[in-house]
Trainee: 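Have a look at this one.
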Protein chains: 2
Amino acid sequence: MLTEERYAAILGILAEKKAVTVLELTKALQISESTVRRDLTALHRSGRLYKVYGGATTIDNNYSKDEEDMQTKRDLYPEEKVAIGRKAAELIERDDFVYIDAGSTTLHIIDFLKENGAAFVTNGMQHAARLSARGFKVFIIGGAVKAITEAVVGTEALQSLQCYNFTKGFFGTNGISTKSGFSTPDAEEGAVKSAALARCKNAFVVADRSKFNKIAPITFADISSATIITGRLEDKKYLDYTTVLEGE
Amino acid sequence: MLTEERYAAILGILAEKKAVTVLELTKALQISESTVRRDLTALHRSGRLYKVYGGATTIDNNYSKDEEDMQTKRDLYPEEKVAIGRKAAELIERDDFVYIDAGSTTLHIIDFLKENGAAFVTNGMQHAARLSARGFKVFIIGGAVKAITEAVVGTEALQSLQCYNFTKGFFGTNGISTKSGFSTPDAEEGAVKSAALARCKNAFVVADRSKFNKIAPITFADISSATIITGRLEDKKYLDYTTVLEGE
DNA sequence: TCAAAGTCAACCAAAATCAGTCAAAAATAA
DNA sequence: TTATTTTTGACTGATTTTGGTTGACTTTGA
């Protein structure tokens, strides 16, 4: 039986039952437990199902709202962003206090989070909704809501941030360059990113390949002030300036 | 049986029966008491049911009789809620600074708003998203996000409210009675309602017919402290205590 | 009020499940 | 054919979940 056939079979069973155990799959497909686990891991990684203890569930019935199209609409390198999201989620440890910046790449992190007592603060309304839907402890910062990105910005937002001390923070960016650091087109969003980043013990910038060697109008952080999480780093010169983590 | 399946089964039974005991669940699902307790604790924490001594109940039917969750509640008296929403929207004048409380009835107000320079503050994530989508100037207050209702609550929320001076405020409620005033099942949401209402020059409570002569656990305002906006007032005794505006 | 019965969270040991390693089997290439 | 790579299934120690037990707490009914 071909690997892809197995994947299709698993997804078929899952589509019917909404949830399936590893044992059920070994019986249904007459393959070993190890292979089932490997398949589930692969399908989880490519975002086609959720792996849970004992088996797997379908992706969709966990989410409450109809805000999915927003995500797909903006996704430029979806498979790379999924890998980046997975890598970022891995970094979150028990009892971390995590800031998640608004933006489409950071949205992918949420899909891979595991329940481990971590608490989240975000300025992204979609991020807050999705975190909340998945059952995480989540706070949204107060302030003006930007129309297009649904990010919270402004002086209230900057002030709200001052009372938080994050152990980790994940930020999106529009441009990365060794000279101009991390940059974004919007001054208000830049100010929030900057303020939030200053409150993080460890800061991470998530960025697909399209962001490297670009400069946007507003620099919100120096290149050395955050670890970069990306798919596969093509331009090795960045290793001289900061840490880079690669997802697969 | 997977954890998520058990959760779904418990919520299914609960949706039917409105209340269930630990013992019933152990028999229905053939699992131990310990596991049932753990599941109930988890579901309670993620806001999907209320844990009570001996078992669990659905989220909102503790006192007021047949309430359902946000989604179904939205469709309870749709035509009346639309009328209420239209009536409320009419009251908003040029350059008002308006607070809109989270909740399904207040959501209808947004559909009838006209662009007239008014600015909005809300603790409802869906409300903020919809206002923003319609192009209004909108602020969201900061704080913890409640799982089911997607309302912002907690000490941060209460504090965020202190700097605003609203000209008008619109609030939802679960119960209205002359003696116990306006009441709601959730203490945290009640605290936010109370704090926001105190910052409003003019406060309005929007309520369909199902809310009258009901008492929910937490009173957030006296009957005389807000004007009631409803479809058609059946119980005229309220006119002795406060102003009532009728829609349609 | 009190005491009995019922219910609870916390703890612990057993069972189930997990990710990783390794060698055999299968597929592919030379 | 043989050599190399990939896939598979068994095994292992670590982790997570489960169900029974305990002592504390809550409700019930006198």
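Fair warning: this is a prediction, and the values are worked out from it, not measured in the lab. Labels below follow one simple rule: chain letters A, B, ... track the order of the sequence lines, proteins then strands, and each chain is numbered from 1.
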Trainee: Name the orientation class of the two ring planes belonging to A:Phe204 and A:Phe170 (parallel below 30°, tilted from 30 to 60°, perpendicular beyond 60°).
Mentor: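 Rings of A:Phe204 and A:Phe170: parallel, under 30°.
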Trainee: Of A:Gly55 and B:Glu33, whose nearest nucleotide on DNA chain C comes first from the 5' end?
Mentor: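 Closer to the 5' end of DNA chain C: B:Glu33.
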Trainee: Which whole-number value in Å describes the distance from A:Arg38 CZ to C:dA19 C1'?
Mentor: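 From A:Arg38 CZ to C:dA19 C1': 11 Å.
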Trainee: Within the 4.0 Å heavy-atom criterion, would you say A:Val52 contacts the bases, only the backbone, or no part of the nucleic acid?
Mentor: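 Contact class for A:Val52: sugar-phosphate only.
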Trainee: Is there a donor-acceptor pair closer than 3.5 Å between any side-chain N or O of B:Asn123 and the backbone N or O of B:Val152?
Mentor: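 Yes.
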Trainee: Is there a side-chain contact between A:Arg6 and the phosphate of D:dT8, meaning an N or O under 4.0 Å from OP1 or OP2?
Mentor: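 The answer is yes; a side-chain N or O of A:Arg6 sits under 4.0 Å from OP1 or OP2.
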Trainee: Respond yes when some side-chain nitrogen or oxygen of B:Ser34 is under 4.0 Å from OP1 or OP2 of D:dG19, and no when none is.
Mentor: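 B:Ser34 to D:dG19 OP1/OP2: no side-chain N or O under 4.0 Å.
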Trainee: Can you tell me the distance, in whole Å, between the CD atom of B:Glu5 and the P atom of D:dT17?
Mentor: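 B:Glu5 atom CD is separated from D:dT17 atom P by 15 Å.
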Trainee: Check whether the side chain of B:Tyr53 and the base of D:dT27 form a donor-acceptor pair under 3.5 Å.
Mentor: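 Counting by modelled atom types and ignoring angles, no donor-acceptor contact under 3.5 Å is found here.
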Trainee: Between P on C:dT17 and CG on A:Leu23, what's the gap in Å once rounded to a whole number?
Mentor: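 The answer, rounded to whole Å, is 7 Å.
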Trainee: Looking at D:dT18, C:dA9, D:dT8, which one has an atom nearest to any side-chain atom of B:Lys51?
Mentor: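 For the B:Lys51 side chain, the nearest candidate turns out to be C:dA9.
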Trainee: Answer yes or no: does atom CD of A:Glu24 have more than 12 heavy-atom neighbours from other residues, nucleotides or ligands under 6.0 Å?
Mentor: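 Yes.
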Trainee: How are the rings of A:Tyr238 and A:Phe212 set to each other: parallel, tilted or perpendicular (split at 30° and 60°)?
Mentor: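 Aromatic pair A:Tyr238/A:Phe212 classed perpendicular.
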Trainee: Starting from P on D:dG9, measure out to CG on A:Leu40 and report it in whole angstrom.
Mentor: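 So the two atoms are 14 Å apart, to the nearest Å.
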